[in-house]
Amino acid sequence: MSSFGSQPMVPSLPGRAQRYAHLRQTDPEIYQLIQRQADLECTTLKLIASENYASFSVLEANGSILTNKYCEGYPGARYYEGNEVMDRVEEIAIRRAKELFGAEHANVQPYSGSPANQAVYRALVRPGEKVMGMPVPEGGHLTHGWHVNFSGRDYVQIPYGPDPQTGLLDYDQIRHLARRHRPRMIWVGATAYPRALDYATFAQIAEEVEAYLVADIAHINGLVVAGVHPDPVPHCDVVSSTGHKLLRGPRAGFILSRIEDRYQAKYHGASKFNLAKRIDRAVFPGLQGGPHMQTIAALAVAFKEASTEAFRRYARQVQANARTLAEGLLARGFSLSGGGTDTHMLLIDLRNSPHSGRELAQALAKAGIICNFNMVPGDHRKPLVTSGVRLGTPAVTSMGMKEPEMDRIAAWIATVYQGLDRLPETVAQVRHEVTEMCLEFPPPGILEDDPPDATS
Ligand SMILES: *Cc1c(COP(=O)(O)O)cnc(C)c1O
């Protein structure tokens, strides 16, 4: 097992090697890299807002023999024989998704969040039509109409974003833009926006201009499940999501929707399929071939885990930790975009600092605090430099960290920031302290002797 020079070693538990016993023999190169990544994940603070730790059970399903089966089609209507067991797996995943989110329809086949969003476009709009969404530099996702992505090339993006002064969405401005451009579809969702989203107001706007409203809850799904973020399902035609972020599932996408299309006659009169059917057909055969059944099984496991009181407690702690981290940073003189957080995420705003987001993020990484540089609203720096650092608490909360640890993290971030001009000494000390704290909080799914209920 690799070590980090003078850093404390990660415990070498017998089960950890057993778990990869075959790989260790047949492909030591890949085996070693997995072990090195495991070491990193046990000794660094994963503050990347979109990352998390899946449980042992999710990992077991995801690494299972279900990867061997071809299941093109949907339960009861496959293009290959021998799918009676697979049909059960997918039916369970669909049922659990619908129950967890209170949705009428679920499709669990998208390979990841981006393909899920691609299917949403295919089901709802035609190339060349107008779609409202947030540009990447303002906190939106690539698939919400960014120019280098299919979504910006094949569709016309009507951009909206947070006010550069306040960092908050201005719903009057969004309404104004929607009235002026009359988009066919409106995305509500973000990769970098720390505040709660007001789906009810978005729904009023969408209804007024007869646009489809689509929520992308890839980041915040767990907060929605726990009831600590507004629920998009009652307000939206479609909701897309990922499995691997706050939800702690496998790397996957899924789509929730209504069954009937309220604009069927107006926009899809020529189609004999309702909204649910159009989503399904857009995923398969529209975009994908065989579904990844091992991933769908793991998604079903994650939905079961997320339906427990333990998970709701976890999601509330994620939010409480983000608030504590925000308060700790504000108290140490940092500015935060939007003034703070309602979610799992915060954005340090360095527009008035001589130091860029990239400088701080790279220094933090050397100190074992892994995050990413990010544009902030009103940013004057370039996309590869930026004036922001994005932080998120899902992963450290999965390690079991709470408010006292968040305050220590805020203090380390301040130390690294203040030491940016004499980096090597600063980061060495912080790196050591980070490792020591991390070793007290082994993450789920990595150290083999975790009790089976360690993640619940
Ligand atoms: C992460 C994310 C996605 C895409 O997920 P991938 O699995 O990386 O393709 C889509 N939308 C939002 C808002 C996201 O944050």
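These numbers come from a predicted model, not from an experiment. Numbering of ligands and ligand atoms starts at 1, following listing order. Each residue takes its place number in the sequence, starting with 1.
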task = Distance to 0.1 Å, residue and atom name: give those for the protein heavy atom nearest to atom 7 (O) of ligand 1.
result = Ser112 OG, 2.3 Å

ask   = Under 4.0 Å from any heavy atom of Gly113, which atoms of ligand 1 are there?
value = 4 (C), 5 (O), 6 (P), 7 (O), 9 (O)

Top protein contact for atom 14 (C) of ligand 1, by heavy-atom distance = Lys245 NZ, 2.9 Å

key: Minimum heavy-atom distance Pro159-Gln157, with the two atoms named   = CD-O, 3.4 Å

task = Return yes when Arg251 approaches ligand 1 closer than 4.0 angstrom through a heavy atom, no otherwise.
result = no

key: Test item: side-chain donor near acceptor, Asn274 and Asp261, under 3.5 Å   = no

ask   = Any idea how Phe101 and Phe254 line up, ring-wise: parallel (<30°), tilted (30 to 60°), or perpendicular (>60°)?
value = tilted

note = Taking only non-hydrogen atoms of Thr242 and a 4.0 Å limit, the atoms of ligand 1 in range are 5 (O), 7 (O)

message = Using a 4.0 Å cut-off to any heavy atom of His244, which atoms of ligand 1 qualify?
response = 7 (O)

query = Between Asp216 and ligand 1, is there a nitrogen or oxygen pair with a distance under 3.5 Å?
reply = yes

message = side chain to side chain donor-acceptor pair (under 3.5 Å) for Gln288 and Glu72? Distances and angles first, verdict last.
response = CA-CA 9 Å; Gln288 298 187 172; Glu72 282 186 352; over 6 Å; no

inquiry  = Side chains of Ser57 and Lys304, heavy atoms from C-beta outward: is any pair under 4.5 Å?
reply    = no

message = Suppose I only count heavy atoms of His219 and a 4.0 Å limit; which atoms of ligand 1 are within that range?
response = 15 (O)

inquiry  = Which residue and atom name correspond to the protein heavy atom nearest atom 9 (O) of ligand 1, and how close is it?
reply    = Ser114 OG, 2.6 Å

Side-chain H-bond candidate by donor/acceptor type, Arg78 with Asn83, under 3.5 Å = no

Atoms in ligand 1 flagged as close to Ala190, the criterion being non-hydrogen separation under 4.0 Å = 13 (C)

task = Would you check if there is a donor-acceptor pair between the side chains of Gln264 and His268 at a distance under 3.5 Å?
result = no

ask   = For Tyr314 and Thr397, does a side-chain donor sit closer than 3.5 Å to a side-chain acceptor?
value = no

key: Residue, atom name and distance, where the atom is the protein heavy atom closest to atom 3 (C) of ligand 1   = His141 NE2, 3.3 Å

